[in-house]
Amino acid sequence: MNRVLTKNLNGLVGEKVTVFGWVNSKRNHGKITFLDIRDRYGIVQVVILPGNNDYEKAEKVSIESVVSVTGEVVKRPENLVNKNIISGDVEIQSEKLEVISPCDKLPFELDDTSGVLEETRLKYRYLDLRTKRMKQNLINRHKSNQFIRNYLSKKGYLEIETPLLTKSTPEGARDFLVPSRNQAGMFYALPQSPQQYKQLLQIAGIEKYFQIVRNFRDEDQRGDRQPEFTQVDIEASFVDEKNIIKLTENLVLELIKTIYPEKYLTLTPIPRLTHKEAMEKYQTDRPDLRKNKNDKNELAICWVVDFPMFEKKEDGSFGPSHHPFTAIKKEFVEDFEKQDPEKVIAQQYDLVINGNEVAGGSIRTHDVAVLKRVFEFLDHSQADIEEKFGHLLKAFKFGVPPHGGIAIGYDRLLMVLNNENNIREVIPFPKTGDGRDPLMDSPCRVDKKQLDELHITTQDRKRKK
RNA sequence: GGACUGGUAGCUCAAUUGGUUAGAGCAUCUGCCUGUCACGCAGAAGGUUGCGGGUUCAAGUCCCGUCCAGUCCGCCA
């Protein structure tokens, strides 16, 4: 198969080529027919004249069918050049048209899907992803992946994979559980984040870790929340708050400069607000500091730092506002138990872009004695602590370096940078608001045999569509 | 779990105060057209108005219930 891509056609005038792609549009003038053939890189116009063996085939071919066209690349006359397409200086005089795979009547038109019901788009996601907008989002995501891997590698960070079948975490979001076949009645959990693993990797002496990693949280959704989502997860040893902030800031700014050069920053250098300042001034811990919210290229980035360590729960007791391993600021460590819990500040920081929480992290407590005091303050019993965090606390007895890190909400970051207002637009195969995938039709029922092997009986519930 | 908005042709929408046979654009099909590039023109086909019930001479429209979607609140260490 000797294929020529549409993006390379301009330089091939006079040559006989074969292009492969989808029929983007068809214009039949009775005695002359034009087909626009689209491949991943662009579009080329194919001319079919009467007398051509395939004239009737060209008249009949449906939009979005897969075809190949062989013919000579011809320069277009000056007045017929089309600057809107990549091969607009030339066109192909078809000698042979082959319909490789015809396309049925489409469920929606692909030129503009902005008004199409999202469930319909998701049901036919493979068609939705053919659109320029979605394709561009995928390309940008790929480029960003490459950039981040490169950037962090150059800084000495190792990309290390952590398990997806792991242990249910006691606090935080609801877990997705995976039943164990070998251990009757036992369950794995999908990770809400690789938090404990990345801390263990610091004890392992890795010093600098990163991973572009999937996380799972079984909570109700929002436009900026999915049950599975991707984080750029980072953790490093012998660092303080400023090191992590600087690293993240430079990474994000370089990423924007390289892959989204049309974007500009309103606030430079990136300001750092304390949590208290943000709440007092903007009544939110993720303020949108843009000057003109209609300017799609404006980015207002800021840090929110000095988060409170604890927050009051509904029953009046206190829980960790981030997680229990977050380090308390030095000036509060000595006797935080005796102070107003809501005034105890943690070494915790969030990156906010245009009102979106795009990253969050903290320095962790490496002092086992302090950790124990935090757990006791949070009213965990000794047995409780041992069961939930024993493995981590044990590891902390074998030489734990001071460490800290951050996790970038990657889908949210890409959502902002791609001018989308929903993370589903930057995720190739997302779930709907109630956690379904209309394309694969998941979740779904499974055979009784499968359940039996997993030692599971189910309660009958009313069946959702 | 709660609030709000919505559900009418394959897709996007319209339908006045409850009143004739529920319309339009695009897509589809048929015909015409040799330079268009989202081609154009003419025509055809396409509807259980999400579903169930109620009020009324009459319901897409009002009422009740229910299902679904989106957004937000709760939730998201």
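A note on names: the letters A, B, ... follow the listed sequences, proteins ahead of strands, and every chain is numbered from 1.
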TODO: Using a 4.0 Å heavy-atom cut-off across all strands, classify A/R222 as base, sugar-phosphate, or nothing.
DONE: base

TODO: Using whole Å, report how far NZ of A/K123 lies from C1' of B/A69.
DONE: 14 Å

Open item on the list: For a quick check of understanding: with a heavy-atom distance under 4.0 Å over all strands, which category does A/T120 fall into, base, sugar-phosphate or nothing?
Closed with: nothing

- [ ] Give a yes/no answer on whether the side chain of A/R121 brings an N or O atom under 4.0 Å of OP1 or OP2 in B/A69.
- [x] no

Open item on the list: Under 4.0 Å, heavy atoms only, any strand: does A/N422 hit a base, just the sugar-phosphate, or nothing?
Closed with: sugar-phosphate

- [ ] Take atom CD of A/E425 and atom P of B/G70, then tell me their distance rounded to the nearest Å.
- [x] 12 Å

TODO: Could you tell me the separation between the CG atom of A/L117 and the P atom of B/C67, rounded to a whole number of Å?
DONE: 19 Å

TODO: Scan nucleotides 26-37 of chain B nucleotide by nucleotide, 5' to 3', and note B when protein non-hydrogen atoms come under 4.0 Å of the base, S if they reach only the sugar-phosphate, - if neither.
DONE: BSS----BBBBB

TODO: Evaluate salt bridge (Lys or Arg N to Asp or Glu O under 4.0 Å) for A/K242 paired with A/D240, printing each intermediate quantity in order.
DONE: CA-CA 5 Å; A/K242 286 191 175 124; A/D240 61 20; over 6 Å; no

- [ ] For A/Q221 and B/A69, give me the distance from atom CD to atom P, rounded to whole Å.
- [x] 11 Å

Open item on the list: With a 4.0 Å limit, can you tell me whether A/R436 has a side-chain N or O closer than that to the phosphate oxygens OP1/OP2 of B/A69?
Closed with: yes

Task: Under 3.5 Å side-chain donor-acceptor pair for A/Y282 and A/D288 - done: no

Open item on the list: What's the gap between B/G70 and B/A27 when it is taken at their C1' atoms, as a whole Å value?
Closed with: 25 Å

Open item on the list: Can you tell me whether the side chain of A/R225 and the base of B/C76 have a donor-acceptor pair closer than 3.5 Å?
Closed with: yes

Task: Minimum-distance pair of heavy atoms, taken over all atoms of A/R286 and A/G355 - done: NH1-O, 3.0 Å

Open item on the list: For a quick check of understanding: with a heavy-atom distance under 4.0 Å over all strands, which category does A/T113 fall into, base, sugar-phosphate or nothing?
Closed with: nothing

- [ ] Round to the nearest Å and state the distance from A/E118 atom CD to B/A69 atom P.
- [x] 11 Å

Task: Nearest-neighbour nucleotide for the A/D220 side chain, B/C11, B/G74, B/C76 considered - done: B/G74

Task: Distance, rounded to the nearest Å, where A/L110 contributes CG and B/U12 contributes C1' - done: 14 Å

